[in-house]
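Every chain is numbered from 1, with letters handed out A, B, ... down the list of sequences.
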Amino acid sequence: MVRKKSMGDWIFNICNVLILLLMVVVTVYPFVNSAAISFNDANDTTRGGITFYPRVPTLRNYELIFKNPKIYNAYYITIMRTVVGTVTALLFTSMLAFGMAHSSLKGRRFYTILCLIPMYFGGGLIPFYFLIRSLGLMNTFWVYIIPGLVGIFNMIIMRTYFQGIPIAMEESARIDGANYLTVFWKIILPVSSPIIATIALFIGVGQWNAWFDAAMFVTKQPLKPMQTVLLSIISEARFAEAMAATSAGGRVDMGNIGKGIKVNVRSITMATMLVTIIPIIMTYPFLQRYFVKGIMIGSLKG
Amino acid sequence: MTEQIMSRKPGAPLKRNHLQEFIGQMDLQILVIPSIIHIIIFAYIPMYGILMAFQEFQLGDFPGLSEWVGFKHFGLLFNAPDFTRVLRNTVVISALKLVINFPIPIIFAILLNEIQGKRFKRSVQTISYLPHFISWVVGATLLFDFFAVDNGAVNSALVGLGFIERPIHFFGEGKLFWGMLVGTDLWKEVGWNSIIYIAAITSIDAEMYEAAEIDGAGRFAKMWHITVATIRPTIVLLFIFTVGGLLNANFDQIMLLTNQMQNAQLRSYADVIDTYVYRVGIRDTRFSYAAAAGLFKSIINFGLLLGANKVAAKFGEEAF
């Protein structure tokens, strides 16, 4: 039974679509505009007016940033921290979650309280800073990995999932003489792929996007991830100019000045930014349903 | 909670003491213990480290063994003029975000529900999540450009339409900064924060709407009496959680939108407790003083969380 649409309905529908379209445009436009600038000739960009597409298309901005060895190094660090960080954190967190899912676990009450208190109260930044210092993690790659090995909130989500797995699966393996390690590895993990994918994505995006640990604990340039390189570019234009200059090489630049081709800080920034988010943008359409699933599990059952 | 599923009857109740039982399930314990040790190191040692807020910590001291000074740093803190401003900023920014950025995802979810076309609906939803997945470093890069003084999209549009005569330095003026924080946070999180509401609305039976229609309910009546009424428990729950996490949400955003606090003009409007701790503690190396400020925040946070959980329990939904 569909009621005939009234005038008011039409007006409402049109307004509604317009509001949502406006929101989509505001959300997407900065991305599109940056992409357009990064593919546009740097000199031309300074004239302004670049909106949805490049006016004078060029790949030069990308050529410039890819000539800089810093980018490769930072990219390597970012990939490494994402892969290593995700795998190890997933392992530690799921092991804890598996144990905590058993009410037969000795000391479970104690462990639970131990896990809950940090969710309410923490030592804060300064004591944490000195902990990292005294553990000797300053200026090491491991400062990206070790502090994040166990995520308590993720553990709770995983525990809830494990508790929903029929006990019979575990029981039969136990009767056959398998120990808990085998059960965890061979039986529980294989049937938990949805939750593992979800948590892995949360951790992975967190690692890819992390910048503060690098700002706080790492001063060695070779250990800096992509986010830091981008950050240096936006916070100091000189860094961007230097990057463009060193990568182009003095001789080339001299020649270019004569032709009026110079590198625009804005173009370099946008190209670097795009290189930083490309993996997320590319995988995002495929992965977003896992995120949605994850937040649902976390919020409804957590 | 479905804890019972994994629980097993304690078999033949052999009389064994706790230690034997513990050793007997060593294969299970070995899965748990590494993570527990990790939590003790990375969550509990910093709690011990809070002692330095009551001491005169110097570089090279063993944490917790420095000279005791009691509440000296707290006294200094509450008398410092910049800390008064920091408190004001913390409260105002958190309150603004609560009042403005909490309801808008709800409105977004309701509006989206009123859309008939499935494809359009899904596309809007997918696009709206996107900014959530980029870091604030990238977000700041995009937004600086979007609001840039020369050829930024917003300024070009405003000047072009004749609303303003000369471009506004959106990220350079303290007075505008609170608004920029609220707006950019909305830009990044509105879609993501609406997910739970959208899911709750999806579960509403279409017959409810039809029945209401037969009873002569208009569009807004249906939205209010069915959609909003159904998701009200979700709203209450999320409101409580939002209050509980209120003070934690600002650090990345503020640090990056102020170029890591280098803009002194912005600082008087942008500095919140978290950024203050970082600035004073790590940059100016006043460790004990900064630790005191951090502890002050932890205590307020603890109070907020505890209160939030209490209220949540009243509504029949405990957090954990």
Participant: Mind telling me whether B/Phe251 and A/Trp211 have parallel, tilted or perpendicular rings, with 30° and 60° as the class edges?
Facilitator: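 If you compare the ring of A/Trp211 with that of B/Phe251, the planes turn out parallel.
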Participant: Is it the case that A/Arg174 places NZ or CZ above or below the six-membered ring of A/Tyr180, under 6.0 angstrom from the centre and within 45 degrees of the axis?
Facilitator: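 That pair qualifies as a cation-pi contact.
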Participant: Contact part of B/Ile45 toward chain A, heavy-atom cut-off under 4.5 Å: side chain, backbone, both or neither?
Facilitator: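 Side chain only.
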Participant: Please state whether the side chain, the backbone, both or neither of A/Leu91 comes within less than 4.5 Å of a heavy atom of chain B.
Facilitator: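 Answer is neither: A/Leu91 stays 4.5 Å or more from chain B.
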Participant: Go through the atoms of B/Phe146 and report whether side chain, backbone, both or neither lie under 4.5 Å from a heavy atom of chain A.
Facilitator: side chain
Participant: So what's closer than 4.5 Å to chain B heavy atoms on A/Phe130: side chain, backbone, both or neither?
Facilitator: side chain
Participant: Please classify the contact between A/Phe31 and chain B as side chain, backbone, both or neither, with a heavy-atom cut-off of under 4.5 Å.
Facilitator: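 Both backbone and side chain.
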Participant: Under 6.0 Å between the ring centres of A/Phe12 and B/Phe220?
Facilitator: yes
Participant: Contact part of B/Ile39 toward chain A, heavy-atom cut-off under 4.5 Å: side chain, backbone, both or neither?
Facilitator: side chain
Participant: Let's go through B/Leu111 and A/Ile19 carefully: what are the C-alpha distance in whole Å and the side-chain angles of both, what is the deciding distance for side chain to side chain contact (heavy atoms under 4.5 Å, CB included) to 0.1 Å, and is it a yes or a no?
Facilitator: CA-CA 9 Å; B/Leu111 287 182; A/Ile19 291 172; 4.2 Å; yes
Participant: Does any heavy atom of chain A fall under 4.5 Å from the side chain of B/Leu59, the backbone, both, or neither of them?
Facilitator: side chain
Participant: State which residues pass side-chain contact (heavy atoms from CB on, under 4.5 Å) with A/Ala35; sequence neighbours excluded, sorted by chain then number.
Facilitator: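 Listed in chain order: A/Leu274.
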Participant: Give a yes or no on whether the backbone of A/Leu114 and the side-chain of B/Tyr44 come within a donor-acceptor separation of less than 3.5 Å.
Facilitator: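 Present.
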Participant: Can you list the steps and then say if B/Glu213 with B/Tyr209 is a side-chain hydrogen bond (donor to acceptor under 3.5 Å, both in side chains)?
Facilitator: CA-CA 6 Å; B/Glu213 218 162 273; B/Tyr209 289 106; over 6 Å; no
Participant: Could you tell me if the side chain of A/Leu20 sits less than 4.5 Å from the side chain of B/Phe108, heavy atoms only?
Facilitator: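 Answer yes - side chains close enough.
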Participant: Heavy-atom distance under 4.5 Å to chain A: side chain of B/Met255, backbone, both or neither?
Facilitator: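 Just the side chain, heavy atoms under 4.5 Å.
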Participant: Below 4.5 Å from any heavy atom of chain B, which atoms of A/Ile146 appear? Answer side chain, backbone, both or neither.
Facilitator: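 Interface part for A/Ile146: both.
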Participant: Is A/Ile277 close to chain B through its backbone or its side chain, or both, or neither, when contacts mean heavy atoms under 4.5 Å?
Facilitator: side chain
Participant: Check whether A/Met270 gets within reach of chain B through its side chain, its backbone, both or neither, counting any heavy atom under 4.5 Å.
Facilitator: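 Contact with chain B is through the side chain of A/Met270 alone.
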Participant: Non-hydrogen atoms of chain A under 4.5 Å away: do they reach the side chain of B/Ile127, the backbone, both or neither?
Facilitator: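 B/Ile127 touches chain A through backbone and side-chain heavy atoms alike.
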Participant: Under 4.5 Å heavy-atom distance to chain A, tell me which part of B/Thr141 shows up: side chain, backbone, both or neither.
Facilitator: both
Participant: Heavy atoms only: give me the nearest B/Thr234-B/Ala200 pair and the separation to one decimal.
Facilitator: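 Residues B/Thr234 and B/Ala200, closest heavy atoms: OG1-CB, 3.9 Å.
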Participant: Need one label for A/Leu96: side chain, backbone, both or neither, based on atoms under 4.5 Å from any heavy atom in chain B.
Facilitator: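 Both parts, backbone and side chain.
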Participant: Let me know if B/Gln25 has heavy atoms under 4.5 Å from chain A in its side chain, its backbone, both or neither.
Facilitator: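 It is the side chain, since no backbone atom gets that close.
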Participant: Taking side chain as everything from C-beta outward and backbone as N, CA, C, O, which of these in B/Leu256 sits under 4.5 Å from a heavy atom of chain A? Side chain, backbone, both or neither.
Facilitator: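 The answer is the side chain of B/Leu256.
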Participant: Go through the atoms of B/Leu112 and report whether side chain, backbone, both or neither lie under 4.5 Å from a heavy atom of chain A.
Facilitator: both
Participant: Measuring heavy-atom distances to chain B, does A/Asn179 have an atom under 4.5 Å in its side chain, in its backbone, in both, or in neither?
Facilitator: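 Both parts, backbone and side chain.
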Participant: What part of A/Leu131 lies closer than 4.5 angstrom to a heavy atom of chain B: side chain, backbone, both or neither?
Facilitator: side chain
Participant: Tell me, side chain or backbone of A/Phe128 under 4.5 Å from chain B's heavy atoms, or both, or neither?
Facilitator: both
Participant: Could you look at A/Phe212 and say if it's the side chain, the backbone, both or neither that has a heavy atom under 4.5 Å from chain B?
Facilitator: side chain
Participant: Could you look at A/Thr276 and say if it's the side chain, the backbone, both or neither that has a heavy atom under 4.5 Å from chain B?
Facilitator: side chain
Participant: In chain order, what residues pass the side chain to side chain donor-acceptor pair (under 3.5 Å) check against B/Thr275, with sequence neighbours excluded?
Facilitator: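 B/Asp271.
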